[in-house]
2 protein chains.
Amino acid sequence: MSVAFDQILLVPGYRKVAAAIAERILSRALREGERLPPETELARQFGVNRSTVREALRELESGGLLERRPGSKRMTVSRPRHRAVAKDVSRALALHDVTFFEVWEALTQLEPPMAEIAARNRTKPDIESLAAVCQRFAEENADTEKAVHHTAEFFRCIGRATRNQVLGLAQEPLLDLLEPSLRVMIDKVPQARSRIAAAQRRIVEATAKRDAEAARGWMARHIRDFRRGYELADIALDCRII
Amino acid sequence: MSVAFDQILLVPGYRKVAAAIAERILSRALREGERLPPETELARQFGVNRSTVREALRELESGGLLERRPGSKRMTVSRPRHRAVAKDVSRALALHDVTFFEVWEALTQLEPPMAEIAARNRTKPDIESLAAVCQRFAEENADTEKAVHHTAEFFRCIGRATRNQVLGLAQEPLLDLLEPSLRVMIDKVPQARSRIAAAQRRIVEATAKRDAEAARGWMARHIRDFRRGYELADIALDCRII
DNA sequence: GTGGCCTGATTGTCGGACAATCATACGATT
DNA sequence: AATCGTATGATTGTCCGACAATCAGGCCAC
C-alpha cells in the first residue's frame with residue numbers, strides 16, 4: 001500500500017458557485033444575452049449567502065462570462081470579448097518579462113502567413129476597411145498617438161480579413177505589447193511613418209488583388225522594417241517590455 | 001458647442017480597489033511571492049468594507065494576479081500562470097464557436113515555424129525532455145487518454161524549446177481546443193498512433209541535429225497528417241468545437 | 001406619444017458576527 | 001536534538017441584517 005496521499009483540497013463556496021454557473025454557460029444552457037436571476041434568488045437556489053454569490057459573480061465577471069450592460073442592474077450572460085482576453089494575455093506576458101525580441105519574433109512568424117491567408121479569404125468589406133485604415137494612417141500620422149493606433153488597427157484589419165478567429169485573437173496580445181515600443185520608435189525614427197505607410201499600401205494592394213504571395217512578402221518586409229526601426233531608435237531587443 | 005456627452009460611468013468600489021491593487025502589481029511595486037496585507041487591513045487602508053475588498057480580491061484572483069498558496073490563508077502576489085491564461089483563451093474561442101478548421105489552420109501556420117526556431121534554439125535539456133516525451137508516446141499510446149496527453153505534451157516541449165514565451169503561450173490554447181477532437185480521431189483512425197509516433201521521432205531527430213529546415217518540414221507534415229486523420233475519422237472541419 | 005410620478009425590485013456597500021483554520025510560540029516527550 | 005502536543009492570536013470563509021441609490025415598469029396628465 002502506498003503512503004502517498006492526494007492533496008486534500010477544500011474548495012471555498014464562492015468558487016463552487018462560480019464553477020456551477022460557468023458550467024451552465026459553457027454548456028450553453030445559459031445563452032448569451034440571457035439575464036441572470038437576482039443575487040438573492042441565486043443565494044436561495046445555491047443555499048448560500050448573498051455575499052458568497054457576489055464573490056462568485058465577480059469571478060465570472062472578470063472572466064468575461066458575465067457582464068453588466070451599461071445602465072442596467074441585472075447581470076447578463078456574455079461571451080468573453082476578444083479584446084479583454086487579449087489584454088489578459090498581454091498582461092501575463094508582460095509580467096513574465098517577455099522581451100522585445102520575443103514579440104518581434106512571434107510577429108515575424110505570425111503576420112506573413114496571416115497576410116497570405118487574408119489575401120485569399122478577404123471579402124469586399126475587408127478590403128474597404130483595410131483601405132480606409134491605410135488611408136487614415138497616411139493622413140493622420142503626425143500625431144504619434146494616432147500613428148500608433150492606426151498601425152495596430154491595420155494589423156487588426158488583416159486579422160479580421162483572415163476570417164480566422166484563432167489567428168485574429170493570437171495577434172491581439174502582440175499588438176498590445178508592441179504599442180509602447182512602437183510609440184518610442186515612431187517618435188525617434190523620422191522615416192518610420194513613411195515606411196509604414198508605404199508597406200501598408202503594398203499589402204493592401206496585394207490583398208485587394210488576392211495576390212497571397214505578394215501580401216506575405218510585403219508583410220514580411222514590413223515586420224523586418226520594425227526591427228530595423230528598433231535598432232535605429234536604440235531600443236534594446238533583449239530587454240523586457242514596459 | 002457639441003451636444004454630445006460622454007457616457008457617464010460610475011465605477012463600483014470593488015473594481016476601483018481591484019484596479020488599485022492591480023496597478024501596484026503591474027508596476028512591480030508588489031513583487032511576486034509577496035504576501036498581501038490581511039483583508040481587514042486592506043479595508044482600513046482603502047476606507048471600504050471588508051466585503052468590498054473581498055470582491056476585489058476575487059477579481060484579481062481569477063485574473064491570476066493573486067493566488068493562495070495551498071494550505072495558506074494569506075493571499076500572495078503571483079504572475080498569471082501560462083496554463084491558466086491559455087485556458088481562458090481557449091474557453092473564449094470555444095464560446096465564439098471556433099471551428100476545427102480555424103484551429104487546424106492556425107496550427108498549420110504556427111507549428112512549423114516553431115519547430116524551426118526550436119531546432120535552432122533548443123538546449124540540451126530540451127532535447128532530453130523532447131526525446132522522453134516522444135518515447136513515452138511510443139510506449140504508452142494504447143490508452144487513448146494517455147496518447148492524447150502525450151501528443152499535446154510533445155507540442156508543449158517544442159514550445160519550450162523555442163525559448164520564446166510568446167510562441168509557447170500562443171500555441172497553448174490551440175492544444176486545449178485540439179484535445180477533444182484528437183481523442184475521437186485517435187480512437188477512430190487505427191494508423192494514427194503509429195503515424196504520430198513516427199512524425200515525433202523525425203522532428204526530435206531534426207531538432208537534435210539542429211536541422212531547422214527538416215524540423216519545419218516534418219512538423220508541417222505532422223500537422224497535415226492531423227487533417228487527414230480528421231477526414232478519415234469523419235470529423236467535419238467546419239463545425240464548431242465541443 | 002411625451003413627460004412626470006410612484007412603487008417595487010435589485011444592487012452596492014456597510015457593520016457586525018462566528019466557526020474553522022493557519023501561524024507561532026512554548027513546553028513536554030522520546 | 002528532533003518530534004510532538006498544546007495554547008494563543010490572526011485571518012479567512014461564511015453568515016445575517018441593513019440601507020441608500022438606482023433601475024424597471026406601471027399609471028396618469030398633457
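Quick caveat: nothing in here was measured; it's all calculated off a predicted structure. Chain letters run A, B, ... following the sequence lines, proteins first, then strands; residues in each count from 1.
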Go through the side-chain N and O atoms of A/Ser62 and B/Ser62 and say whether any donor and acceptor fall under 3.5 Å apart.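 Checked: A/Ser62/B/Ser62 side chains pair up, N/O donor to acceptor below 3.5 Å.
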If only side-chain N and O atoms count, and only distance matters, is there a donor-acceptor pair under 3.5 Å linking B/Glu105 with B/Gln109?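 Not at all, the side chains of B/Gln109 and B/Glu105 share no donor-acceptor pair under 3.5 Å.
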Does [X] put a side-chain nitrogen or oxygen below 4.0 Å from OP1 or OP2 of [N]?
| X | N | answer |
| --- | --- | --- |
| A/Ser72 | D/dA24 | yes |
| A/Asn49 | D/dT14 | no |
| A/Arg50 | D/dG17 | no |

Atom CG of A/Leu57 and atom CZ of A/Arg68: how far apart are they, to the nearest 0.5 Å? 8.0 Å
Nearest 0.5 angstrom please: B/Leu130 CG to B/Glu153 CD, how far?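 The CD atom of B/Glu153 is 10.5 Å from CG of B/Leu130, to the nearest 0.5 Å.
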Figure out the [atom1]/[atom2] separation between [X] and [N], and round it to whole Å.
| X | N | atom1 | atom2 | result |
| --- | --- | --- | --- | --- |
| A/Lys16 | D/dG13 | NZ | P | 13 Å |
| A/Glu55 | D/dC15 | CD | P | 10 Å |
| B/Arg74 | D/dG13 | CZ | C1' | 16 Å |
| A/Arg15 | D/dT14 | CZ | C1' | 15 Å |

Mind checking [X] for me? I need base, sugar-phosphate or nothing, with any heavy atom below 4.0 Å counting as a touch.
| X | value |
| --- | --- |
| A/Thr52 | sugar-phosphate |
| A/Arg54 | base |
| A/Arg35 | nothing |

Assign each of B/Lys73 and A/Gly13 the nucleotide of DNA chain D bearing its closest heavy atom; nearer the 5' end lies the nucleotide of B/Lys73
Using ring-ring contact (aromatic ring centres under 6.0 Å, His included) as the criterion, list what pairs up with B/Phe155, not counting sequence neighbours.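 Listed in chain order: B/His222.
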Please work out which of the three classes, parallel, tilted or perpendicular, describes the rings of B/His150 and B/Phe137, given edges at 30° and 60°.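 Perpendicular: the ring planes of B/Phe137 and B/His150 meet at over 60°.
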First and last nucleotide of DNA chain C, 5' to 3', lying under 4.0 Å from heavy atoms of chain A: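 Here the contact window of chain A covers C/dT10 to C/dT13.
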Is it true that B/Arg83 and B/Asp176 make a salt bridge, defined as a side-chain N closer than 4.0 Å to a carboxylate O?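 A salt bridge is present here (some side-chain N lies under 4.0 Å from a carboxylate O).
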